[in-house]
Structure formats: structure tokens, C-alpha cells
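First the proteins, then the strands, lettered A, B, ... as listed; each starts at 1. These figures come from a predicted structure and were not determined experimentally.
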2 protein chains.
Amino acid sequence: MMELTRKGEYAIRGIVYLASRPADQVCLLSEIAKAVDVPQTFLAKIFQQFSKIGLVRSYRGTGGGFILGRTSDKITLLEVVEAVEGPIIPNRCVTGAGECDRSNACTVHPVWLKVQDQVRDLLNGITLKELSGQ
Amino acid sequence: MMELTRKGEYAIRGIVYLASRPADQVCLLSEIAKAVDVPQTFLAKIFQQFSKIGLVRSYRGTGGGFILGRTSDKITLLEVVEAVEGPIIPNRCVTGAGECDRSNACTVHPVWLKVQDQVRDLLNGITLKELSGQ
DNA sequence: TTAAAAGAAGACTTAATTGGTCTTTTAGGG
DNA sequence: CCCTAAAAGACCAATTAAGTCTTCTTTTAA
Ligand code: SF4
Ligand code: SF4
């Protein structure tokens, strides 16, 4: 259970690679895709998502490509994962809304809240800088 | 991401209910299904899985039903979840086998190992006894 | 003005999830 | 010995999600 999808895995690979490149130099999607061994068409959509929320900045046209939207020490693994996989939800009932009418009396509910917290904390403590080895 | 499926949720509900019942008294599947609001046919399959690995014991025929395979303080939430959802796998590469040829050099790999550890530890520390409020 | 590059939309295939139905086996009770 | 209650097991079907590829549009430096 709890498995990251390929999308999430590819997203991380791609942006970690981008973080490992010179920060002032745009990077071709095709280069990234090749380097991290991901289908380029799939990675394109992922980077579009990144771009929309400002995790990367894109330049179109000749000489275009991608750079990070912020410095690599300001982007956490949690952000990257949530950008493409959505929030960390170990079970429906932790979304806040009244997803389960049993949640008041439920003894299991607090467990999922704790799982969510722990995982978020862990991922939030790791930046692209560390992951890119710089 | 990481969402428990309905199967997992139902499994927990069902066995926690069973743990809340008198330990020496067999419990009808129909009763459990009704009490925890789960489709009986679906719950049947879940309890068959439980039965195979000894988490519950089943009795067929008239007067049949289910009881816990062990006392409720000896069954952890981790066992229940893994019984129906499979092992806790935040990413392919933590299965032990050479699932990803990048894993040696990969800086992200250790993160998933830690996530796996933390979640397993947490779930392993919770027993059906606590969850059934006894 | 043209070729390179990202953006956007969507078609398509495959696999997993969430059930349902029907038959078979087992066990008690009269 | 037969009837009935109950779980076990074998299929099956709808829905949803994942994963990949295609095609077209827009932007922009040279
Ligand atoms: S854990 Fe409890 S509150 Fe959460 S979905 Fe299950 S029953 Fe509802
Ligand atoms: S995290 Fe690293 S080792 Fe794990 S699958 Fe991704 S690239 Fe491979």
C-alpha cells in the first residue's frame, strides 16, 4: 500500500536532475527526460504542472527550456510530491471535511492523522538541494 | 497520495468490530457487515484472507461465524493492513529486490526507506485491543 | 519568417478497484 | 438421513485510475 505512482517518481527524478544543473541555465525537457530515463511526453505534463504552481519556470520558443522557480534549498520534497500526487492522505477521513460520519467515535481516525503528520514532516524536511547533492 | 483503499478501510472496521465482541463467541459475518456498514460480499472476501493467515478463525455450517485468531492485544494494525493491502511500500525501490538500477547512487531512495520504517513502526505499535476500546 | 521549444487537449491501452452472483463445502438439528 | 445455515470459492462486470502516445497551438530567438 501507499505506493507512489510513476508520475510521482518521474516528477522527483526530473526536478532533482534540474536542481543538479547550473541554476542560471535553462534546461531542455528532452535533456532531462533522457538523463532520468522517463518518457518525454509524460514528463512534459508533469513539468507543466510544476510550471503552473511556480515550482519551475519555463521559457518557450527557440532556446527555451526549464529552470527552477526558486533556489533548490527552498523547494521541499513534500511540495514536489504533492504537486503531482495531491495531498498526503492515508485515509479519506483525514481530509478535514465530514468524509466519514463515524469519525467522531472512531478510534482508528487519530492513527491516520498521525501517519499523515509524520510523513508530511519527514518529506517537508528534505530539500532539492540535499537531494541534488550540492 | 498513499490512500488506503476501501478494502483496507473495511478490513479494519470489520476486525475492530470483531475484537469488540466477546472473545469466546462466534460472530456472524452478516452481523459484522451490518454493524460496520460494509457490503457483505466484499467483507466475506476480506475475512477469507484474514482466515488464511490466521488472523481470524472461521466456523462453517449452522452456528458458524468468526472469532479472532489470537487475543486482540496480539494483533496489530500493521498486520491487518498488510493482510489485505500488501506491504507498506512508499516506492518500488524499497522492496529489497533490484527494482531500480539507480538505487545505489540515488539520494531519494533512503527517504522512502525512512518513510516505510516510520509508518510501519507507528502501525505496529497499535493493537486491536486499544482500537476496540477494551 | 522559420524552426525550435513548451502548452494544451485528448485518444488510447492496460491494470486495479469495488463490488455482484452463483455454486460448493461444511456442520447441526430434527 | 435430509434440511438448513453458514462460510468458501469461482466467476463476472462496472467503474475508475494509470500510463503512454498523438496532434495541434503558441511563443520566440535567430
Ligand atoms: S478510520 Fe474511522 S473515521 Fe476514518 S474512515 Fe475509517 S471509520 Fe471513518
Ligand atoms: S527513489 Fe531512486 S532508487 Fe527509488 S525508484 Fe526512484 S530513482 Fe530508483
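- In this structure, the CZ atom of A/Arg92 is 11 Å from the C1' atom of C/dT18, given to the nearest Å.
- A close approach under 4.0 Å does not occur between any side-chain nitrogen or oxygen of A/Ser30 and OP1 or OP2 of C/dA5.
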Given salt bridge (Lys or Arg N to Asp or Glu O under 4.0 Å), test A/Glu79 with A/Lys74 step by step and report yes or no. CA-CA 10 Å; A/Glu79 287 180 278; A/Lys74 293 269 180 17; over 6 Å; no

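- Heavy atoms of A/Phe66 sit under 4.0 angstrom from primed sugar atoms or phosphate atoms, though from no base atom.
- A 4.5 Å side-chain heavy-atom check between B/Val26 and B/Phe66 finds every atom pair outside the cut-off.
- Note on A/Ser58: a side-chain N or O is less than 4.0 Å away from OP1 or OP2 of C/dG7.
- We find that CD of B/Glu3 is positioned 12 Å from P of C/dT17, with the value rounded to whole Å.
- In this structure, the CD atom of B/Gln40 is 12 Å from the P atom of D/dA8, given to the nearest Å.
- For B/Tyr10, no side-chain nitrogen or oxygen approaches OP1 or OP2 of C/dT18 to under 4.0 Å.
- Distance from the side chain of A/Leu28 is smallest for C/dA6 among the nucleotides D/dA7, D/dT20, C/dA6.
- Cluster annotation: A/Val56 and A/Tyr59 are assigned to distinct hydrophobic clusters (Ile/Leu/Val/Met/Phe/Trp/Tyr, side-chain heavy-atom contacts under 4.5 Å, transitive).
- Side-chain contact of B/Asn91 with A/Glu3: a donor-acceptor pair under 3.5 Å is absent, judged by distance alone.
- One interatomic measurement links the two molecules: CD1 of B/Ile46 to P of C/dG19, which rounds to 9 Å at whole-angstrom precision.
- For B/Gln49 and C/dT18, the CD to P distance is 13 Å, given to the nearest whole Å.
- Not one side-chain nitrogen or oxygen of B/Thr5 sits closer than 4.0 Å to the OP1 or OP2 atom of C/dT17.
- Note: CD (B/Glu85) to P (C/dA16) measures 14 Å, nearest angstrom.
- Considering only heavy atoms from C-beta on, B/Leu123 comes within 4.5 Å of B/Ile88 through its side chain.
- There is no side-chain donor-acceptor pair under 3.5 Å between A/Ser51 and A/Gln48.
- The listed nucleotides are C/dA8, C/dA6, D/dA8; the one nearest the side chain of A/Leu29 is C/dA6.
- Take the nearest nucleotide of DNA chain C for A/Gly64 and for B/Gly8: the residue whose nucleotide is more 5' is A/Gly64.
- Across C/dG10, D/dT27, D/dG19, the shortest atom-to-atom separation from the side chain of A/Lys45 is found for C/dG10.
- Place A/Arg6 and A/Tyr59 on DNA chain D by their nearest nucleotides, and A/Arg6 ends up nearer the 5' end.
- Closest contact between the side chain of A/Gln48 and the listed nucleotides C/dG7, C/dG10, C/dA4 involves C/dG7.
- Distances from the side chain of A/Thr62 to the nucleotides C/dA4, D/dT27, D/dG19 place C/dA4 closest.
- C/dA6 atom C1' lies 15 Å from atom CD of A/Glu31, rounded to whole Å.
- Whole-Å rounding puts the A/Glu9 CD to D/dG19 P distance at 11 Å.
- OP1 or OP2 of C/dG7 lies within a sub-4.0 Å distance of a side-chain N or O belonging to A/Ser51.
- With DNA chain C read from its 5' end, the first of the two nearest nucleotides for B/Lys7 and A/Gly63 is the one closest to A/Gly63.
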